[in-house]
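A short write-up of the structure that comes next.
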Protein chains: 2
Amino acid sequence: METLTIGKLAKRVGVSTDTIRFYERCGLIETAARSESNYRLYSEDDALRLRFIRRAKSLGFTLAEIGELLVLSSDPAATKADIKARATKKIDKIRHRIRDLTRIQAGLEQLVAQCDGHGSVDDCPILEALSGEHAQHNRSNH
Amino acid sequence: METLTIGKLAKRVGVSTDTIRFYERCGLIETAARSESNYRLYSEDDALRLRFIRRAKSLGFTLAEIGELLVLSSDPAATKADIKARATKKIDKIRHRIRDLTRIQAGLEQLVAQCDGHGSVDDCPILEALSGEHAQHNRSNH
DNA sequence: CTACACATTGGACCATGGACCATGGTCAAG
DNA sequence: CTTGACCATGGTCCATGGTCCAATGTGTAG
């Protein structure tokens, strides 16, 4: 089996060497084997694992969630239902976030629609709305 | 004019005293006047300004952006177009973020749809997709 | 042999928006 | 006078996902 130094692995996968060491510190990848001169040695399996992380990240999973997925993926007692539940939960979170953003967008659009965009800011309807003429635009989100 | 200590102001507006001091450090609110005993002293105007910040935040503006809005709002040379441009730019950013999230959501939904949710993770289509059937011709297993 | 590229470590730093802490001064009530 | 609530400062810490750094060792090409 071909062994890779951290730099080769990084290039092959498309991440930085710092990122690989960071993932190792986080426990996302196992502590690598070492050469005589204490260099980390990797295999193609490690490249696969890093690509897995990259793809999961692009689907919105956090590193912590990816860690869970990786644990499950090598747990003989884990079920497809476990994985599916994680993905479904993530979808729910994203849906929620989209709803929040959509509400915010609507609020801003309403303000923008009220502003003709001419003249000084003295009577800007956007600023007036923020200054709280009608002070009860309640329930902040985060 | 009634003067408020930081605690009273915080309660009135619904933020913490830490938050008010933090905003002062950031330059979002002016350095407060001080009492003989070095206590910060605030007026109703400060309460208005803090509420402005609270509302703008709930509309998705960052503190830096809110700072700009506040500068514009007291700049005689500023125009409604300036404010409107800020709001429109923010809408664009939000729209973009929503598009990203929607794409991610669609990707996840597609994966979830492929998984029947029964049995061990050995042949989980979600994990298989993340493991990169696209990127690698060689699916070694043993 | 001499460069130069690459590897190692631990730690500091980035943005964001505050929360929390210790230590010490101030103020009002009882 | 004492107690407890409030205020001051400057500092650290949180999550997130890394990046950058210095000092030092190693591998390789010319």
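So that the names make sense, note that chain A is the first sequence line, chain B the second, and so on, each numbered from 1. Atoms considered below: every heavy atom in the structure, side chains included; atoms not considered: hydrogens, waters and symmetry mates.
Using a 4.0 Å heavy-atom criterion, one finds that A:N38 contacts the sugar-phosphate atoms exclusively. Across all strands, A:S35 comes closer than 4.0 Å to no nucleic acid atom at all (heavy-atom distances). Among the protein residues, B:R40 comes within range of the sugar-phosphate backbone only, with heavy atoms under 4.0 Å from sugar or phosphate atoms but none that close to a base.
Along DNA chain C, the nucleotide nearest to A:I6 and the one nearest to B:I53 differ in position, and the one closer to the 5' end is contacted by A:I6. With the nearest nucleotide of DNA chain C identified for both B:A64 and B:D18, B:A64 has the one nearer the 5' end. Nearest-nucleotide positions on DNA chain D for A:F22 and A:Y39 put A:F22 closer to the 5' end.
Between the C1' atom of C:dT16 and the CD1 atom of B:I66 lies a distance of 12 Å, rounded to the nearest Å. The interatomic distance linking A:R34 (CZ) with C:dT8 (C1') rounds to 8 Å, in whole Å. Spacing between atom CZ of B:F61 and atom C1' of C:dT16 amounts to 17 Å, rounded to whole angstrom units. With rounding to whole Å, A:K8 atom NZ is found 8 Å from C:dC6 atom P. Nucleotide C:dG17 holds its P atom 17 Å from the CD1 atom of B:I20, rounded to whole Å. In this structure, B:Y23 atom OH and C:dT16 atom P are separated by 14 Å, rounded to whole Å. When the P atom of C:dA7 is taken as reference, atom CG of A:L4 falls 11 Å away, rounded to whole Å. Rounded to an integer number of Å, the gap from B:R25 CZ to C:dG17 P is 14 Å.
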side-chain contact (heavy atoms from CB on, under 4.5 Å), that's the test. Do B:I126 and B:L108 meet it? Break it down for me. CA-CA 9 Å; B:I126 298 174; B:L108 282 170; over 6 Å; no
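Linking Ile, Leu, Val, Met, Phe, Trp and Tyr residues whenever their side-chain heavy atoms come within less than 4.5 Å leaves A:Y39 and A:Y42 in two separate clusters.
Listed for the B:R40 side chain is no donor-acceptor partner under 3.5 Å among the backbone atoms of B:A32. A distance-only check finds no donor-acceptor pair linking the side chain of B:K80 to the backbone of A:V121 [under 3.5 Å].
Of all nucleotides in DNA chain D having an atom under 4.0 Å from a heavy atom of chain A, the first and last in 5' to 3' order are D:dG17 to D:dG27.
A salt bridge links B:E44 to B:R12: one of the charged nitrogens lies within less than 4.0 Å of a carboxylate oxygen.
Within the 4.0 Å cut-off from OP1 or OP2 of C:dA19, at least one side-chain nitrogen or oxygen of B:T19 is found.
For the side-chain hydrogen bond (donor to acceptor under 3.5 Å, both in side chains) criterion with A:E65, the lone passing option out of A:K90, A:K89, A:R86 is A:K90.
At most 12 non-hydrogen atoms from other residues, nucleotides or ligands lie less than 6.0 angstrom from CD of B:Q110.
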